[in-house]
Amino acid sequence: MLSKRIIPCLDVKDGRTVKGVNFVDLKDAGDPVELAWQYAQQGADELVFLDITATNERRKTMIEMVKSVARQLNIPFTIGGGITAIADAEALLNAGADKISINSAAVKNPQLIADLAKVFGVQFVVVAVDTKLIAGRNMVHLNGGRLTTEIETEHWIKQAEEYGAGEILLTSMDHDGTKQGFDCNLLDKISKLINIPVIASGGAGKIEHFTEVFSTTGVDAALAASVFHFGEIPIPILKNELNKHNIPVRL
Amino acid sequence: MIGIVNYGAGNIFSLESALSRIGLSYGMINTVEDFDLYSHIIIPGVGHAGAAMEKLNNTGLVEAIRQLKKPVLGICVGMQLLTSHSEEGDARLTDIVPLETKLFDRNLGIKVPHMGWNNIEIKNNLLFEGVENQTQFYFVHSYFIEYNAIFEIATADYGLPFSAAIQKDNFYGVQFHPEKSGAAGERLLMNFSNLKQ
């Protein structure tokens, strides 16, 4: 049986993880390699690194970081942030990334999904979607949520699948940061709508939220940041709890 | 020493990293002569099986691979290349193991690609020595090798039972990625390196 995946997400700037992380026994909380290794030891199934570097030097720094992570990490990981061309993706693949995640660039140019899927395979292409309710409709947002579009979320996700996305990472901006739980209604609708894996994101605050999202929706994975970084939800305890609820996990 | 068949099918940095982590040395195989330099051979692979086979054909190494008597391990698409035919690109493959590579059927109520950690039913085989039955490995693929009791050394279930690992003589294949499957994956790579010629 296929296990449900637990995915910590790390923000990276200039090759260093940002947003404080307070694990015990960390020599350097900003070192992505050390953090990644810690998460793998705890039983994370996969990791996502989101590059929020704004400088021109970003690509070079990122490639070096990806290589170091790939050298140390024995679980898969995804790189997102600022990927707009085949060349960006290829450099990341060759540095050891298992998947890349594209967001705004895909909305602006959906053909990019098809091109990436053709060159690297659908399994390499994660399409990340930020969604927010506007007048009762779920609308796609770009540029880290700052820009509202006229595109309905469900419509876009269906389209992304048709273009060749291998996986959807869906973040509910209404739930993100609230710690009140995932947007289970929307996530269930989306996972029924498409035939590729869906990663739930936004709203995780306690263990019950993970149990809820896996028992009431068809999502394949759940992603969170702060609850893992600050040790509020230790991954081994989370997985044991999911297991008790008969949710298949890797223990 | 492990030789990696270098035919340009996808990223091999993760595989090299995994071998380094467990202290195994390796090199690249680019020509037929290179096979003599190594005791164990790995055929990596990601992406499209038809395209991968075309690249492998272009290297001129296929016949030499067929003749190998040393332990050979195909990983993911590298494993599929060992079979006779793939539905992906309707491609004729090396035909070392007489099996068919097929597309997962979405009508079975499964999502494709099969992506994530899946437990496997392990038969008694040196490749899995020290790996507990039902251990989970990391899979990511849309095509699978049909279940076959003769060549099967591990089975996974995803909508239907399929080959998680196969063996025919000195040829081994694993559908999952040992280089991304935590400690169990590293153990498997170590076991492979210990297989006798």
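Letters go in sequence order (proteins before strands), and every chain restarts at 1.
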When [options] are compared by non-hydrogen pairs under 4.5 Å with chain B, the top option:
options: Pro76(A), Ala221(A), Ser3(A); answer: Pro76(A)
options: Gln123(A), Glu46(A), Glu90(A); answer: Gln123(A)
options: Val249(A), Ile75(A), Val122(A); answer: Ile75(A)

Residues Asp31(A), Arg16(A): salt bridge by 4.0 Å N-O rule: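 Salt bridge: no.
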
SB check Asp45(A) Lys239(A) (cutoff 4.0 Å):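 Result for this pair is yes, salt bridge flagged.
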
Exercise: identify the closest heavy-atom pair between Thr171(A) and Ser201(A):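 What the structure gives for the nearest pair is OG1-OG, 2.9 Å.
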
Has [X] got more than 12 heavy atoms of other residues, nucleotides or ligands less than 6.0 Å from its [atom1]?
X: Lys118(A); atom1: NZ; result: no
X: Glu54(B); atom1: CD; result: no
X: Lys189(A); atom1: NZ; result: no
X: Arg92(B); atom1: CZ; result: no
X: Met1(B); atom1: CE; result: yes

Verdict with supporting geometry, Thr131(A) and Ser172(A), side chain to side chain donor-acceptor pair (under 3.5 Å): CA-CA 5 Å; Thr131(A) 184; Ser172(A) 161; over 6 Å; no

Chain A neighbours within residues 14-36 of chain B, where any heavy atom lies under 4.5 Å away: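 Checking residues 14-36 of chain B against chain A gives Ser14(B), Ser17(B), Arg21(B).
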
Per-residue contacts, residues 129-164 of chain B versus chain A, heavy atoms under 4.5 Å: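 So far as heavy atoms go, Gln136(B), Tyr138(B), Val140(B), Ser142(B), Asp157(B), Tyr158(B) are the residues that approach chain A to under 4.5 Å.
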
Interatomic spacing from CG in Leu186(A) to CG in Leu193(A) - rounded to 0.5 Å: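 Leu186(A) atom CG to Leu193(A) atom CG measures 10.0 Å (nearest 0.5 Å).
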
Segment of [X] engaging chain B (4.5 angstrom heavy-atom cut-off):
X: Glu167(A); value: side chain
X: Val198(A); value: both
X: Arg5(A); value: side chain
X: Lys67(A); value: both
X: Ala95(A); value: backbone
X: Ala70(A); value: both

Residue part contacting chain A, namely of Ala183(B), when any heavy atom lies under 4.5 Å: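 Just its backbone gets close to chain A.
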
Region of His177(B) in contact with chain A, defined by heavy-atom distances below 4.5 Å: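 His177(B) has no heavy atom closer than 4.5 Å to chain A.
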
Donor-acceptor contact present, side-chain Lys99(A) to main-chain Ile79(A), <3.5 Å: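 A pair under 3.5 Å: no.
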
Verdict with supporting geometry, Thr211(A) and Ser215(A), side chain to side chain contact (heavy atoms under 4.5 Å, CB included): CA-CA 6 Å; Thr211(A) 317; Ser215(A) 353; 4.0 Å; yes

Trace of the side chain to side chain donor-acceptor pair (under 3.5 Å) decision for Gln167(B) with Asn125(B): CA-CA 9 Å; Gln167(B) 182 198 353; Asn125(B) 191 289; 2.8 Å; yes

Pair His229(A), Tyr39(A): side-chain N/O donor-acceptor within cut-off below 3.5 Å: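 Side chains of His229(A) and Tyr39(A): pair found under 3.5 Å.
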
Verdict with reasoning, Leu126(B) to Asn191(B), per side chain to side chain contact (heavy atoms under 4.5 Å, CB included): CA-CA 7 Å; Leu126(B) 286 175; Asn191(B) 288 345; over 6 Å; no

